[in-house]
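First comes the structure, then the notes that go with it.
Ligands are counted one by one from 1 in listed order, and the atoms in each one are counted from 1 as well. Worth knowing before you read on, the calculation uses all heavy atoms, side chains too, and leaves out hydrogens, waters and symmetry mates.
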Amino acid sequence: MSEKKLPLGHGELLELAHRLPTPFYLYDERAIVDNARRFVRLFDWAPGFTNYFAVKACPNPTIIKLLGEEGFGTDCSSLPELLISKACGISGERIMLSSNDTPPDEFKAAYEMGAIINLDDITHIEALERAIGTFPKTISFRYNPGPERTGNAIIGNPVEAKYGVTSSQVIDCYKMAKAKGAERFGLHTMVASNELDGSYIIETARMLFSLALRIWKEAGVRIDFIDMGGGIGIPYRPEDEPMDLKAVSDGMRSLYDQIIRANGLDPVEIYFECGRVITGPYGYLVSEVLHVTSKYKEYVGLDASMANLMRPALYGSYHHITVLGKDKQRADHRYDVTGSLCENNDKFAIDRLLPKVVPGDVVVIHDAGAHGHAMGFNYNAKLRSSEYLLRRDGSVDMIRRAQTYDDYVATLRFDGAPVTL
Ligand SMILES: *Cc1c(COP(=O)(O)O)cnc(C)c1O
């Protein structure tokens, strides 16, 4: 069981929801920082341990700076993510470009920033060289194990995955990179998403440690860092158990000794690129109930929609919902909780048991701190919501203002005058 916590009491959250325009995101600074420290402490045995926070999970500069102060790097997959990292004071090899299908200007920007470039394909060795006019001293490759691993629901089967170099390409990748003058080498994979079974992560470590040994034997290249990717899950459902990260760390440590140390490959630095497990549980979407309607089913209509939080509609994901001020009431009413898009999968929950809901109630949607606001969009011309941070001293700062109509139409032309291209 995982307890569904709120960052403030029901009364305080209600007061906040009445003071600030809903819907909005609220993040809990203390919880994020404590969690980031716990994560790093768990791997204190690992040489050079670093988590490169996946910017896509929560691309808010205030959050990224907070994590930067805890020693985190950033993991980027686009030019704007690289630029946001730089603007947050993250620099050099604290930035990782783990892209795929990469445009040349991203390679160039990453190289100029001194970021680690993690290549997705054997052909990208030359694509990178063409883009930057030289070859970097530090290079990493993303490995796709193919039939060796089974993957999981969100990320899919590795054989079907567009990412990474195959088992038969990987040795040539390192040989080629070495021939082009690379001196520092990384090995990366990302074969799970929202995984709660820690043994899956340990098996990924076994796979990468063994592969580092193979690369040493067959390509004569010593791996300097192993990047385990992201993909550690969080308990979205109250009945889910969080991953036992202590057991993961212990399991990885013993494999490190058996495979890396025993073969004289120590030290190999250990990195992760986790996003979800760092901020996911500590972000909340707060929304007001506009309408409660009775059709062939009972509906609760919120002022938030899937344009604010897409995961339930996109993956059928569960997000826990708390009706503020009704925690003492029995959850004996069955509702579909919807947004206002002209799209019937615009639902935060289907057949969810909640206390009796009335218009004007405020609900908190839990575990929205990663891949939440970030995945938002503008369909139906819905405007993106604001984001707030509950500070350690109890104050609340706006860390992103809500999008306005003017923002939305800023790229549009209303005058109809032709533009010569
Ligand atoms: C999405 C992604 C991550 C982060 O995944 P989480 O589930 O948020 O931990 C890390 N690395 C890469 C390459 C990704 O695509």
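Near Cys274, meaning under 4.0 Å from one of its heavy atoms, ligand 1 places the atoms 9 (O). Those atoms of ligand 1 that come under 4.0 Å of a heavy atom in Arg142, given as number and element, are 13 (C).
Of all heavy-atom pairs spanning Met243 and Glu195, the tightest one is CE-O, 3.1 Å.
Checking Asn144 against Thr166 by side-chain atom types alone, no donor-acceptor pair falls below 3.5 Å. Counted by atom type alone, Arg384 and Tyr25 present zero donor-acceptor pairs between their side chains at under 3.5 Å. Side-chain atoms of Asn378 and Gln403 include a donor-acceptor pair closer than 3.5 Å. Side-chain N/O atoms of Thr404 and Asp407 include a donor and acceptor closer than 3.5 Å.
Heavy atoms from both the backbone and the side chain of Glu273 come within less than 4.0 Å of ligand 1. If you look at Val277 next to ligand 1, there are no close heavy atoms at all, none under 4.0 Å.
Summarising the contacts of atom 15 (O) of ligand 1 with His371, Met190, Lys56, Met96, the nearest heavy atom is found in Lys56.
Residue Lys297 qualifies as enclosed at atom NZ: its count of foreign heavy atoms under 6.0 Å is above 12.
For ligand 1, none of its N or O atoms has an N or O atom of His188 under 3.5 Å away. At under 3.5 Å, a nitrogen or oxygen of Arg276, whether backbone or side chain, sits near a nitrogen or oxygen of ligand 1. Not a single N or O atom of Ile232, backbone or side chain, sits closer than 3.5 Å to an N or O atom of ligand 1.
The side-chain heavy atoms of Asn118 and Leu97, taken from C-beta on, include no pair separated by under 4.5 Å.
In this structure, Gly231 has a heavy atom closer than 4.0 Å to ligand 1.
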